[in-house]
Q: 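A single structure is presented below for examination.
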Amino acid sequence: MSREPNYEFQEWWNKQREKNHDFFTNDSNNANKGFLTVEIRSLNPDLTTEKDRSRSARQLSWICLLRFQQLANSLAWITNSFLLLLRTANRRISAADSPCDSSASRLYRIIKFFLVLVVLLLCVELVAYFKGWHFSPPSAASAEAAVELFYALWLEIRADYLAPPLQSLANVCIVLFLIQSMDRVLLMLGCLWIKIRRIKPTASMEYPMGRVETGNVDDYPMVLVQIPMCNEKEVYQQSIAAVCIMDWPKERMLVQVLDDSDELDAQNLIQAEVQKWHQKDFQPAPDFLKKTIPHFRGNDDLALVQARWAFVNKDENLLTRLQNINLSFHFEVEQQVNGVFINFFGFNGTAGVWRINALEDCGGWLERTTVEDMDIAVRAHLCGWKFVYLNDVKCYCELPESYEAYKKQQYRWHSGPMQLFRLCFLDILHSKVNKAKKANLIFLFFLLRKLILPFYSFTLFCIILPLTIFLPEAELPAWVVCYVPGIMSVLNILPAPRSFPFIVPYLLFENTMSVTKFNAMISGLFRLGNSYEWIVTKKLGRSSEADLVAFENESDSSVTETTSFLRSSSDSGLEELSKLEVTSRRSVKTKRNRLYRMELTLAFILLSAAGRSLLSAQGELTVGHYRCHLESELQVTLTQHLLTNNSNFGVTGSGLKQFSIGHSLYGCQNANCEATCHWLKYKVCTKQKGIFEED
């Protein structure tokens, strides 16, 4: 199919030929006669017709409506997401279902009051920042608006009445902080000395490893092993099995399972487990008793041999890692140093061997506090008995893996010592031990490590630190806020060197836990709330008998022959446990992360203080420039005011006070400005002596 002729191009071509006739003809002077040169020029723009691309009003209206719809959808999505976040947070906020939560209602109201106060102060500072009052603060005399007058009065009240007591309280907490830090440093030096000199308790005899022959048991003393239980369905098998497999003559060991469970299912399971172990007639070879009992031979004044705790789930989550840091320092440093140098430390409640005569001498177990283990240790120490700590003998146990269980445990551990201190303070004073031991018990064991530590950690870092940001007249040195806490955190992590990557979370975690510890300390000291209620720490049963054998194999290869028995022993109580599977599955709920209102409120306080610190950082640049011209302005303006108002170089008390407030507020360090300030004070004191006093 042939193409249609292009008449428009043909017409243009003919016109160009008529205009340039000579260009298309042959030229005799042209060297290239055999070629035809054609120049094609572009068309004139005014000859082309551009396409109209303008939009109609209807199209513009549709575009605007589409934009508004997209904006409305975005706002609706943001609003719904925010409301959903609030509803989820409201559902997951922990209710007051534990004694530590119910007794913390007073402290929670105080912290909530501080939050409201901090938010109001932040709003005032925001208004002052946008008004420019951070750079040139108004005075009460020159204030025009009510808001300006309020801010001027607030500056005077802040400088004269609020900052001095806050600074005094901060100084007291700093002194306590330094004392406690020195105690930590001394403990670390003592631990280093023990490591260098390789000091450790030595026993006068050793028992042979392996099974004990039936006829040769005279050298083995009678041992009573007590296993307290209370609704612990997750770990009862491991606890009973670990005791019953000890390498000790059967006729020289008595095992007592002290069951205080109030749940019928737990009672049945524990009873079935005990009956099953009654039928066992063999003894595997865990050597806990063989490593601890020999220390009592030849030491008639020895009451307790304490072994170290080790944890089977220390790497389970971040919470267990942080707990491992604290407990590693406690056993590696505190318990070992106190055991070597003063032969006294707090009994940890388990993994210890007591002499029965010592228990009878100090009055036995008492139920007057929630820390009966610490109670009996203090009373035994007052009776003159000594303690030995074995850092190389480990007893494996489980750490709480949930924050709620850990919080309840820490509440009991910090309220109980205050209950005990209140009850045995007079007994310590009237005891027959020497003054050094009395001072150690009162000032170091109770006051410094059980009372002062939670007091200053909460007051200094959770209350005073945010308030000093809103009250800049009260200052905390940088070494108190940053350097010393960092050094102390490094010292705490040294016994667990694998935890160094978690030093920052550990520092923040200790700051958060100070709320619970402070509340527990106050509740135990003044008998507030349900401080005497016993709450068993919830465990998940992570460690099994096979786990215990695996850990023992790492320390002693002689236990490998008992592995098969231990693995089969985990079948104990399965029939009874299977009866509860149906009901337990029905009661199992999906675990969700929970929010704790006290810690959440404290976090908002710290965030508000951080926002205020940003304003201070923004204002430092302008204040720095303002200091430069403060020298000349103060000298000229105030000197003219002084000479104009009184020829005798007198000045009103308010004028001098205003100058002093302005001078200290801007922190001027200029030598001329400082000289002007002293010159004005000198004139007031010399010219009008007896009327005005030097400010």
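Just so we're clear, the structure is a prediction, and the values are computed from it rather than from any experiment.
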Q: So which pairs with a foot in residues 450-468 pass side-chain hydrogen bond (donor to acceptor under 3.5 Å, both in side chains), sequence neighbours left out?
A: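 Every pair satisfying side-chain hydrogen bond (donor to acceptor under 3.5 Å, both in side chains) with a residue in residues 450-468: Q180-Y456.
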Q: Considering only heavy atoms from C-beta outward, does the side chain of P477 approach that of I174 to under 4.5 Å?
A: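 Yes. Closest side-chain heavy atoms under 4.5 Å.
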Q: Hey, is the main chain of A610 close enough, under 3.5 Å, to the side chain of S613 for a donor-acceptor pair?
A: yes
Q: Taking atom types as modelled, find out whether N492 and S489 have a side-chain donor-acceptor pair closer than 3.5 angstrom.
A: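 Result is no, nothing qualifies.
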Q: Tell me whether F150 at atom CZ has more than 12 heavy atoms from other residues, nucleotides or ligands lying less than 6.0 Å away.
A: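 Not more than 12 within 6.0 Å, no.
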Q: Return the set of residues passing side-chain hydrogen bond (donor to acceptor under 3.5 Å, both in side chains) with R412 (not counting sequence neighbours), or none when no residue passes.
A: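 Once residues adjacent in sequence are excluded, R412 has no partner under the side-chain hydrogen bond (donor to acceptor under 3.5 Å, both in side chains) criterion.
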Q: Can you list every pair that meets side-chain hydrogen bond (donor to acceptor under 3.5 Å, both in side chains) and has a residue in residues 600-610, with sequence neighbours left out?
A: none
Q: Using a 4.5 Å cut-off on heavy atoms from C-beta on, say whether the side chain of L447 contacts that of I442.
A: yes
Q: Around W62, counting heavy atoms of other residues, nucleotides and ligands shown, do more than 12 lie under 6.0 Å from its CH2?
A: no
Q: Would you say the side-chain atoms of H330 pair up with the backbone N or O of N326, donor to acceptor, closer than 3.5 Å?
A: no
Q: Restricting to side-chain hydrogen bond (donor to acceptor under 3.5 Å, both in side chains), what partner residues turn up for S499, sequence neighbours left out?
A: none
Q: Check whether any side-chain heavy atom of C173 lies under 4.5 Å from a side-chain heavy atom of F177, and answer yes or no.
A: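 When only atoms from C-beta onward are counted, F177 and C173 do not touch, as no gap falls below 4.5 Å.
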Q: Could you tell me whether the side chain of L491 reaches within less than 4.5 Å of the side chain of L187, counting heavy atoms only?
A: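 No, side chains not in contact.
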Q: Taking atom CD1 of I605 and atom CD1 of I463, what is their separation to the nearest 0.5 Å?
A: 5.5 Å
Q: Could you walk me through whether V147 and W133 pass side chain to side chain contact (heavy atoms under 4.5 Å, CB included), step by step?
A: CA-CA 11 Å; V147 179; W133 295 337; 3.8 Å; yes
Q: Kindly write out the residues that satisfy side-chain hydrogen bond (donor to acceptor under 3.5 Å, both in side chains) with Q167, not counting sequence neighbours, or none if the list is empty.
A: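 Result, side-chain hydrogen bond (donor to acceptor under 3.5 Å, both in side chains) vs Q167: N171.
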Q: Sequence neighbours left out, what pairs pass ring-ring contact (aromatic ring centres under 6.0 Å, His included) with at least one residue falling in residues 480-523?
A: Y406-F509, F458-F518
Q: Any side-chain heavy-atom pair from L149 and L153 closer than 4.5 angstrom?
A: yes
Q: Do L606 and N511 have side chains that get closer than 4.5 Å, going by heavy atoms?
A: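 Heavy-atom side-chain distance check passes, below 4.5 Å.
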